[in-house]
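Accompanying notes for the structure given below.
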Amino acid sequence: MPDVRDGLRDGLRSALEGAGVDGAPAEIAIERPRDRSHGEWSSNVALAAAKAAGRPPRELAEQIVAHLSVQPPPHVVTVEAAGPGFVNFRLAPSWLHEVLGAVIDAGVDGYARSTEGAGRSVSVEFVSANPTGPLHAGHGRWAAYGDSLCRLLERCGYAVCREFYVNDRGRQIDLFTASLEARSRGAEPADDGYHGTYVAEWAAEMPDAAEVRRWGLERAHRDQAETLAAMNVSFDLYTSESELVARGAMGEALHELGSRGMVYENDGAVWLRTGDFGDSADRVLVKSDGEPTYFLPDIAYHHEKFSRGDLVIDILGADHHGYVPRMRAALGALGHPPDGYETLIGQNVTLRRGGAEVRLSKRAGDMVLVADLIDEVGPDVTRLVYLLQSIDTTQTIDVDVVSAQSAENPVYYVQYAHARIHSLGRMAAARDVQRAPLDDVDLSVLVHERELDVLRALASLPDTVVAATRARAPHQVTNWARELAAAFHRFWHDCPILRDDVDQELRQARLWLVEGARVGLAVALGILGVSAPERL
RNA sequence: GCCCUCGUAGCUCAGUGGAUAGAGCAUCGGUCUCCUAAACCGUGUGCGCAGGUUCGAUUCCUGCCGGGGGCACCA
């Protein structure tokens with residue numbers, strides 16, 4: 001894929017040589033200046049290399065400019081030194097026409113794809129909700145975030161395994177089973193049981209002959225899987241904790257930890273020396289009553305995950321972050337390298353409805369389900385709303401705003417751009433306007449600022465995808481989609497395409513620009529897992 | 001007390017080791033005989049506070065203040 005920066009970099013490198021600078025930095029940074037009046041691209045090499053060159057940055061920048069001006073890199077119109085020592089490049093629009101060609105050539109499958117993860121595998125665990133009830137609005141955030149992160153990783157060449165851990169044994173399951181059974185008898189669950197209305201509903205569905213525990217687990221799993229499917233999220237692997245224990249994986253992990261001298265007994269319990277590996281204290285693996293804690297099978301599970309990924313990622317809610325040091329310690333005790341395990345901690349989600357916060361509590365029963373949100377606003381809006389913000393921020397979803405068919409709702413802005421593109425296609429078909437082959441179309445007529453802004457946005461998508469992947473930040477793709485939509489709406493407003501007074505050449509070029517925008521938007525929405533409507 | 005995280009415009013949030021920090025909403029005012037006005041155009045005294053590193057810090061480091069979360073032989 002052609003990148004205009006390669007030419008700029010080559011030019012800067014030889015200009016540095018020409019200026020007699022030996023210690024040129026290996027990586028020459030070329031960025032888009034915030035202020036458009038500074039040109040299309042800018043480099044800080046003069047600032048970075050000033051020390052090695054032994055002269056003031058501004059002076060070095062001017063020398064670089066003098067050399068570059070003799071034989072400018074491709075597309076470059078002017079080079080100038082500016083500010084404290086930046087080298088600014090002004091480019092002819094041809095560089096953007098080249099971008100459009102590349103977008104069209106690569107298409108939705110190929111554009112903004114990276115090979116930086118090629119040959120690497122990664123296991124990503126997310127959601128992993130207990131099989132004791134439906135997914136609440138908090139789970140929805142991890143579903144949307146985790147799946148879109150996986151899509152980003154895949155677009156960058158990683159082989160991804162989406163994992164869901166089913167914690168289907170232990171005390172919570174006992175309580176859930178007992179609650180279900182109580183409801184089926186028409187009784188109230190115990191105080192520490194599950195009181196959600198869904199428990200009663202499920203109990204009413206349950207056949208008399210059903211084995212309550214198994215039936216309940218399956219019912220919860222089915223409910224969760226349906227919600228996830230509605231959100232366009234699917235997992236490659238569900239791992240059942242009880243099966244993991246049954247097939248001996250837990251015992252093997254315990255044995256391995258023991259053989260490494262990491263385990264000891266105290267007060268009748270079996271402890272792991274996590275304190276020696278950065279945790280604040282040692283942790284219990286097997287309780288004094290002989291029952292393993294949640295921790296031990298989870299260690300076995302994580303141990304296994306390294307066979308599926310060079311990199312193992314856990315996506316956790318902030319309420320579980322305290323768990324990270326002990327897992328990290330346990331994996332260290334098993335000999336796994338520290339940088340092979342990555343935890344992404346997301347802040348909580350709250351919902352607001354009618355101006356008041358809705359509390360999320362599974363046992364109290366007063367909660368907002370992802371399924372409810374999907375019913376109210378649809379799966380695409382639900383998913384996009386989750387991906388509007390960084391997971392570092394506590395998110396408050398105002399259901400009234402998100403469900404409103406109004407301009408306050410940020411989702412429609414992007415959807416409308418998509419709908420307009422398809423609307424154009426329908427109108428073109430109605431008027432029997434065909435798009436000529438790209439090779440026969442002269443893109444150089446695209447010189448309107450509105451046109452160029454759309455192309456600039458398209459040009460930035462590959463960088464956005466790589467940056468969002470590295471930062472584990474799918475919301476950056478959402479921001480890009482909003483930017484592209486903004487550029488597209490402005491273009492649409494100012495640049496007619498099918499109107500009779502539009503020149504044929506220009507119309508053809510604009511049709512291809514619209515196609516480029518469609519490709520870019522499709523790539524972004526694909527990463528976000530959102531399907532935009534073809535009409536609103 | 002210790003750990004994690006956040007603090008940017010009236011509100012909800014982006015953003016970056018660089019040059020004059022952005023968007024949406026809200027406010028006020030414009031734009032449909034014109035490919036859908038769910039759109040476009042105009043309207044802004046803001047990086048919690050104090051140090052440090054740096055040629056350059058809103059960004060990195062330390063401390064403080066404030067919000068949220070976590071510190072089990074629960075999961």
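A note on names: the letters A, B, ... follow the listed sequences, proteins ahead of strands, and every chain is numbered from 1.
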Exercise for the section: Ignoring backbone atoms, establish whether A/Lys287 has a side-chain N or O less than 4.0 Å from OP1 or OP2 of B/C74. Expected result: yes

Exercise for the section: Using a cut-off of strictly less than 4.0 Å, decide whether A/Arg34 has a side-chain nitrogen or oxygen near OP1 or OP2 of B/A19. Expected result: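 Checking A/Arg34 against B/A19: at least one side-chain N or O falls below 4.0 Å of OP1 or OP2.
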
How far does the [atom1] atom of [N] sit from the matching atom of [M], given to the nearest Å?
{"N": "B/A57", "M": "B/C47", "atom1": "C1'", "value": "11 Å"}
{"N": "B/G48", "M": "B/U12", "atom1": "P", "value": "15 Å"}
{"N": "B/U20", "M": "B/G15", "atom1": "C1'", "value": "16 Å"}
{"N": "B/U62", "M": "B/C40", "atom1": "P", "value": "43 Å"}

Problem - Closest listed nucleotide, where the reference is the side chain of A/Trp271 and the choices are B/C74, B/A14, B/C73 - result: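 The answer is B/C73.
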
Practice task
Among the candidates B/C55, B/C40, B/G69, find the nucleotide nearest to the side-chain atoms of A/Leu47.
Solution key: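 When the side chain of A/Leu47 is considered, B/C55 is the closest of B/C55, B/C40, B/G69.
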
Exercise for the section: Verify the ring-centre separation between A/His493 and A/His489: is it less than 6.0 angstrom? Expected result: no

Handout entry: Centroid distance under 5.5 Å and plane angle under 30°, A/His38 vs B/A19
Key =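 So yes, this residue stacks on that base, both cut-offs being met.
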
Practice task
Could you tell me whether the side-chain ring of A/Tyr416 sits stacked on the base of B/A39, using a centroid cut-off under 5.5 Å and a plane angle under 30°?
Solution key: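 No, A/Tyr416 does not stack on the base of B/A39, since the centre distance and plane angle fail the 5.5 Å and 30° test.
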
Handout entry: Option among A/Ile527, A/Thr469, A/Leu525 that satisfies the side-chain contact (heavy atoms from CB on, under 4.5 Å) test with A/Val477
Key = A/Ile527

Fill in the blank from the handout: With both pairing distances under 3.5 angstrom for Watson-Crick or G-U wobble, and | for a partner in another strand, the correct string for RNA chain B is (((((((..((((....[...))))..((((.......)))).....(((((..]....))))))))))))....

